[in-house]
Every structure is written in C-alpha cells, then in structure tokens.
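Written out below as structure tokens is the structure these notes cover.
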Amino acid sequence: MSKRFYITTAIDYTNGAPHLGHAYEKIITDVIARAHRGFGDSVFFLTGLDEHGQKVQQAAQAEGLQPQAYCDKLAEQWRAFVQALGVSNDDFVRTTQPRHQKVVQALLEKLHAQGDIYKAPYEGWYSARQETFLTDKERREDGSWDSSYGEVTRLVEENWYFRMSEYQQWLIEYIEATPTFVYPDYRRNEVLGFLKNVTLDDLCISRPLSRLSWGIPIPFDPDYVNYVWFDALTNYFSVPASLGDPVACDVLGASAPAKATGPSLWPADIHVIGKDILRFHAVYWPIMLKAAGAPLPKQILAHGWWMKDGEKMSKSTGNVVDPLAVIAEWGLDAFRYYVVRELEIGPDGNWTDEGFRQRYTSELANGLGNLVNRSISMLNKYRNGVVPNCHSELEPDAVRAVQEVENCLRQRRLQAALSGIWDLINKANQYVDRTAPFKLAKDPEQSGRLDQVLYNLVETCRVLAVLLNPFIPNTSERIYAQLKVCSEPELWRHTAWGGLLPGHTVGAPIPLFPRKDLVPKV
RNA sequence: GCCAGCGUAGCUCAGCGGUAGAGCAGGGGACUCAUAAGCCCUUGGUCGGAGGUUCGAUUCCUCCCGCUGGCACCA
C-alpha cells in the first residue's frame with residue numbers, strides 16, 4: 001500500500017476549555033490536509049487529547065469525578081469543538097485509550113531492554129502541598145520559599161531516565177543536513193542555537209505511583225507511571241502502530257499491537273504545533289524515535305500565538321476570543337478565513353474585532369460574495385441561467401492563480417495562497433467593469449459578446465469554488481450548489497478551465513456573506 | 001547578559017546598490033449587473049538615528065536608540 005500523507009496537530013491537554021489557539025492550529029492543519037486530499041494524496045489527519053498527568057488528576061478531584069470520567073466528559077466537549085470547526089480529521093486519539101497505552105509501554109520496554117532507560121536518584125527541594133520539586137528559581141534570595149509551597153523539605157527520589165544526551169551531536173547534524181525539518185527557518189535556527197550551546201540532560205520519564213497515579217504504568221517497574229512528554233509525543237506513533245502501519249509495527253517487533261497490514265502512515269509528513277512546544281518536538285521526539293529505530297517525521301511546523309488587541313489573551317483580563325461565539329455570529333467560514341488570512345504560519349497574530357469586521361466586509365462580502373452574486377445574477381437575468389458556449393478570456397488569469405495557490409499550499413504559505421485567490425477575484429471584478437455586460441445586454445447586436453463575458457464570469461466563479469475549498473469548504477460547496485454543479489469542488493483537478501458546459505442551467509444567486517454593517521435606510 | 005531578527009505612507013507589510021511600492025483607511029470621478037457592492041483616478045514617506053564603503057545606499061559595514069523572539073528539560 002502506498003504511503004499516505006500523514007499530518008497531525010498537537011494533542012490538547014484536558015485541564016481546560018478550548019480557545020482560539022487550539023482552533024487556529026486545527027484549522028491550518030485542516031487546510032493543509034484538505035489541500036493534499038484535493039491534490040490526490042490519500043491523507044490521514046490525526047488530532048486528539050493528552051489526558052494524563054497531575055493537573056488532570058487534580059481537576060477531576062475538584063469536580064468529584066474519577067479521572068477517567070472527567071476525561072470522558074471533556075473529550076466530548078473537545079470532539080464537539082473539532083466538529084464545530086469543520087475539521088476533517090480521520091481519527092481522534094486519546095492518551096487514555098488502550099491502543100495508545102500499549103504502544104507507549106512497548107516503546108518503553110524496547111528502550112529499556114537496549115539500555116536507553118535507566119533508574120537514578122534525584123535529590124531536591126520538595127513541596128508536599130504542591131506535590132512538586134522546586135528549583136532555585138522559585139527560591140527567594142534569602143533562601144526562603146513562598147508560603148504557597150507550604151513546608152519545603154530536602155527529599156531524595158528515584159526515577160527513570162531516558163538517555164538523551166548521547167544523541168545530541170547526531171541531532172545537530174541531522175537538523176543541519178535537513179533544512180526542511182523545522183519550519184519556519186528562524187525556529188530551526190533557534191533549535192540549532194541551543195543544541196550547540198547547552199548539554200542535553202537525560203529526560204526524566206517517570207513519577208512514583210505514590211505521587212501520581214494518573215498515568216501509564218511503567219511496564220518494568222510497577223511502582224511508577226510514565227510522565228508527560230514521553231506519553232504525549234508517542235501518540236503520533238501509537239495510532240499508526242495500532243492500525244497496523246508496517247513501519248511502526250516493524251519498529252515494535254514482537255510487541256506490535258497489530259498485524260502489519262494496515263495503512264502505511266509512518267513517518268508523519270507534518271506535525272503542526274505551537275511554538276511553545278517546539279523543543280519537545282524538535283529535540284526529544286526525534287531522539288526518542290532515533291533511539292527506537294524509527295524514521296523521523298518529515299517536518300515540524302511551528303505556528304505562533306494569537307494576541308487580542310496587541311495584548312496577550314488571558315482569562316483574568318477578559319480579553320479572550322471565543323471561537324464558538326464568533327462562529328455563531330459570523331459563520332464558520334468567516335472565522336476560518338480570518339485566522340488563515342491574517343497571518344502566515346510562524347509569527348504571532350493579533351486578533352482585532354475591527355480587523356475581523358473589515359475583512360468580512362471588504363474581502364468576503366464585497367469581494368468574493370458580490371462577484372459570485374453579480375455573475376450568477378446576470379446569467380439569470382440575461383440568459384435565463386443557461387451557460388453559453390465556452391470562452392477563454394479569463395483562463396490565463398485563472399491558470400496563473402491556480403498555479404500560484406498550489407505552490408503556496410505546498411510551501412505551507414496559506415496567507416499567500418489566499419492573496420493569490422483574491423487576485424483572481426479582483427481580476428474578475430475588474431473584468432465586469434471593463435466589459436460592462438449590462439451595457440452589452442441592451443444591444444441585440446452584442447449578444448455574442450455578452451455570451452462570452454458571461455461564460456468567463458461564471459466559470460471563474462466555479463474555479464474559485466475549487467480554489468477556496470481547502471480554506472472555506474462550506475462556501476465552496478455553496479458556490480457549486482448555486483451553479484448547480486454536481487461534481488466535487490474538493491478535487492483540485494477541477495480547477496481546469498471549461499468545467500461549466502454550454503446548455504447547463506445554474507441556480508438562483510444567494511449572497512454568500514451577507515453584510516452585517518449596514519443600517520437600513522429610512 | 002548572550003544569540004537571532006525587526007524598525008519603510010494613518011494601519012498591515014513588500015522591496016534590499018541607481019534617491020520608494022501594494023492592500024486597507026482618507027479624497028475625487030464615471031457607471032449601475034450586484035450584498036449602496038464593484039470600477040477608475042488620487043493625497044500621504046527626508047525608508048529609526050549617526051557615521052563609513054561606493055560615482056551613487058532604503059538596500060552593504062560599524063555604532064547608537066527602540067521593539068520582538070530564543071536562551072531547554074526547570075526530577
């Protein structure tokens with residue numbers, strides 16, 4: 001079976017409700033996934049939840065629930081969130097699922113057996129109240145501790161460590177030899193910068209059961225559970241393995257959880273993540289995989305964070321953006337459009353309600369919406385909705401846009417891709433004024449010319465529907481529906497000029513993005 | 001502090017050796033198919049500051065000022 005295009009988001013930690021940042025990551029991943037499906041790739045898109053750890057355990061306790069019951073409840077909320085965003089994920093992983101836990105344990109066994117995991121004591125300052133060790137940073141200058149820590153005592157604890165340090169030089173060389181491994185470039189430079197300037201410590205991967213029960217048991221030591229990153233990162237690998245991916249199963253050998261006859265997924269093509277967890281994905285994860293003898297993912301794509309009105313979003317100040325509220329008011333596609341159009345993948349974004357309104361009005365309503373509306377309207381008015389003979393006056397513009405948008409999508413430059421689409425929209429709006437079909441319609445001798453103009457307009461609208469499909473799939477389908485075209489706007493090959501056939505009858509125009517800012521005239 | 005990057009029209013940014021461009025916002029105009037949308041024209045800048053290299057610098061170099069990001073795991 002040929003290798004599928006395998007793309008993931010980070011898995012979200014279930015100690016709170018989903019917010020704009022989560023929505024953004026899922027949407028940009030969805031755009032790339034949909035684009036590749038359109039290009040003809042068989043895509044596997046994975047998202048999901050990270051459900052273990054102390055904070056989940058505590059949150060569950062606070063609500064009087066067992067951890068699993070608490071996670072189940074939140075998982076429903078998160079699944080609904082993903083669905084509300086129109087995300088086309090193929091699977092949804094939860095780290096409490098047995099299929100995941102088995103693979104984590106198999107991986108731990110393998111690394112333990114080959115000597116990459118060892119037990120060692122750690123001594124440090126421990127706060128019993130916070131159930132955590134403290135570092136010098138948390139200590140005041142006079143050596144005292146903040147009262148929130150309660151009594152702080154010196155404690156020695158044994159734990160399991162993953163031998164990362166020996167792979168440091170290998171990783172530096174790998175990243176230098178693989179320029180596309182971390183994107184954008186400046187993030188890659190950051191990773192290389194600190195890899196060259198610090199010595200990696202081995203990674204502590206366990207917690208004693210007495211202190212943390214909500215985790216995956218360490219298979220070779222029943223007194224311990226696996227801790228955070230080793231568990232969370234493995235989700236990308238555990239799902240393919242559990243589905244019987246040949247490469248993943250081969251890595252696990254006899255402990256593989258399934259017959260190696262499943263879809264070919266590993267290695268992942270893209271891990272989409274936030275910049276805050278770059279280190280884990282660009283350092284720990286490659287080393288874990290290298291140690292396990294697994295091929296590395298092709299690319300780590302690190303996106304920025306969203307601000308609101310130039311400031312960090314925080315619940316305490318109340319300057320948060322609730323994706324579901326925006327979607328309820330403006331529609332899903334307006335939301336998807338804004339977050340992708342506002343910034344390229346990499347830098348931080350700044351959400352402003354005014355900017356959102358402006359893009360909605362000028363780009364979606366007045367630009368795209370009005371073009372589709374006036375085009376279909378004129379075809380109805382002047383030709384009873386019947387498509388005239390093919391004509392290619394706007395074809396070169398459409399072809400150029402298709403090429404540019406595809407290039408941008410393959411380079412993950414989603415903002416530039418949308419700009420390219422809007423170039424075509426603007427071209428078509430200019431074309432209406434240049435050719436003035438409404439004047440041609442008044443002169444019977446210009447009937448042939450009017451046919452040509454109308455064909456170019458409605459066909460451009462159809463091509464636009466295909467171009468827009470990865471970004472705003474609902475709108476794409478609505479354009480196809482108004483044109484009464486039955487084929488699939490999600491297939492990229494339908495960008496080819498000439499899809500509308502002469503004699504076909506289109507439907508009635510319905511505004512795609514109604515303006516909301518106009519006060520009715522008295 | 002160290003490393004990297006940025007500072008260009010009111011706003012968001014492009015340009016990166018021959019004295020500046022786009023989109024939006026602002027101003028004017030012609031039209032009417034359309035969600036009073038669209039189209040055309042147009043006002044805005046001594047390209048952060050000071051030196052240097054060069055026939056010539058926004059574009060290269062140095063310094064200064066301002067801003068941003070990174071400097072891990074924090075068992």
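Quick note on labels: first sequence line is chain A, next is B, and so on, each numbered from 1. Hydrogens, waters and symmetry mates are skipped; everything else that's a heavy atom, side chains included, is used.
Side-chain N or O atoms of D202(A) include none that pairs as donor or acceptor with a backbone N or O of Y161(A) at under 3.5 Å. Here the side chain of Q299(A) pairs no donor or acceptor atom with the backbone of H271(A) at under 3.5 angstrom. Of the possible donor and acceptor atoms, one in the side chain of Q105(A) sits under 3.5 Å from a partner among the backbone N and O of P217(A). When atom types are taken as modelled, the side chain of E344(A) and the backbone of Q415(A) share a donor-acceptor pair closer than 3.5 angstrom. In terms of modelled atom types and a separation under 3.5 Å, the side chain of Q168(A) and the main chain of L200(A) share a donor-acceptor contact.
Contacts of L195(A) with the nucleic acid, taken as non-hydrogen atoms under 4.0 Å apart, are absent. Base contact: L200(A) has a heavy atom under 4.0 Å from a base atom. At a threshold of 4.0 angstrom between heavy atoms, the contacts of T361(A) with the nucleic acid are absent. Among the protein residues, G124(A) comes within range of no part of the nucleic acid, since none of its heavy atoms lies under 4.0 Å from any strand. Using a 4.0 Å heavy-atom distance criterion, Q358(A) is classed as a sugar-phosphate-only contact.
Set against U35(B), G69(B), C73(B), the side chain of F280(A) has C73(B) as its closest nucleotide. Nearest nucleotide to the side chain of Q430(A), out of C40(B), U35(B), C73(B): C40(B). Proximity note for A365(A) (side chain, C-beta onward) versus G69(B), C73(B), U35(B): the nearest is U35(B).
We find that CG of L278(A) is positioned 10 Å from P of G70(B), with the value rounded to whole Å. For E363(A) and U12(B), the CD to C1' distance is 11 Å, given to the nearest whole Å. When the P atom of A72(B) is taken as reference, atom CD1 of I172(A) falls 16 Å away, rounded to whole Å. Atom-to-atom, CG of L364(A) to C1' of A34(B) comes out at 17 Å; the value is rounded to the nearest Å. A straight line from CZ of R413(A) to C1' of C13(B) spans 14 Å, rounded to a whole angstrom.
When the shell of 6.0 Å around CD of E123(A) is examined, it contains more than 12 heavy atoms from other residues, nucleotides or ligands.
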Can you tabulate the close N/O pairs, meaning under 3.5 Å, that link protein atoms to atoms of nucleotides 26-33 of chain B?
| residue | atom | partner | partner atom | Å |
| --- | --- | --- | --- | --- |
| C33(B) | O4' | Y382(A) | OH | 3.3 |
| C33(B) | O3' | K381(A) | NZ | 3.2 |
| C33(B) | O2 | R374(A) | NE | 3.1 |
| C33(B) | N3 | R374(A) | NE | 3.4 |
| C33(B) | N3 | R374(A) | NH2 | 2.6 |
| C33(B) | N4 | R374(A) | NH2 | 3.1 |

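Of the side-chain N and O atoms in R187(A), none sit less than 4.0 angstrom from OP1 or OP2 of G70(B). Phosphate proximity of A4(B) to N189(A): absent, as no side-chain N or O sits under 4.0 Å from OP1 or OP2. Contact annotation: R279(A) side-chain N/O to C71(B) OP1/OP2 distance is under 4.0 Å.
Relative ring orientation between Y167(A) and W170(A) is described as perpendicular, the plane-to-plane angle rising above 60° on a 0-90° scale split at 30° and 60°. Taking the six-membered ring where tryptophan is involved, the planes of W422(A) and Y337(A) are tilted, since the angle between them lies from 30° to 60°. Using the six-membered ring where Trp is involved, Y338(A) and W351(A) have ring planes that are perpendicular, over 60° apart on the 30 and 60° scheme. Note: F220(A) and H112(A) have parallel aromatic rings, judged against thresholds of 30 and 60 degrees for the angle between ring planes.
With respect to H52(A), the ring pair (Phe, Tyr, Trp, His ring centres under 6.0 Å) criterion is satisfied by exactly one of Y13(A), W214(A), W229(A): W214(A).
Comparing C60(B) with G18(B), their C1' atoms are spaced 14 Å from each other, to the whole Å. The same atom, P, is picked in C33(B) and in U42(B); the two are 28 Å apart, to the nearest Å. Taking the P atoms as reference points, C63(B) lies 41 Å from C24(B), given to the whole Å. Here the separation of G10(B) from G5(B), taken at their C1' atoms, is 26 Å to the nearest Å. Taking the C1' atom of each, U19(B) and U54(B) are spaced 15 Å apart, rounded to whole Å. To the nearest whole angstrom, the two P atoms, one in C6(B) and one in C13(B), are 13 Å apart.
Scanning both residues, V156(A) and P121(A), for their nearest heavy atoms gives CG1-CB, 4.1 Å. Nearest approach of V405(A) to G420(A), heavy atoms of both residues: CG2-C, 4.2 Å. Annotation for A292(A) and K110(A): closest pair O-NZ, 2.9 Å, computed over non-hydrogen atoms.
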Show me the dot-bracket string of RNA chain B, counting Watson-Crick or G-U pairs under 3.5 Å, with | for pairs to another strand and [ ] for crossing ones.
((((((((.[[[[.).....]]]].((((.........)))).....(((((.......))))))))))))....
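Listed by first and then second residue, the ring pair (Phe, Tyr, Trp, His ring centres under 6.0 Å) pairs involving residues 368-419 of chain A amount to none (not counting sequence neighbours).
E25(A) is linked by a side-chain contact (heavy atoms from CB on, under 4.5 Å) to T9(A), A10(A), T29(A), V272(A), H303(A), counting only residues two or more places apart in sequence or in another chain.
In G21(B) the O4'-C1'-N dihedral to the base is more than 90° from 0, which defines an anti nucleotide.
Contacts between residues 219-236 of chain A and RNA chain B, defined by a heavy-atom separation under 4.0 Å, are absent. For RNA chain B, none of the residues of residues 328-348 of chain A falls under the heavy-atom distance limit of 4.0 Å.
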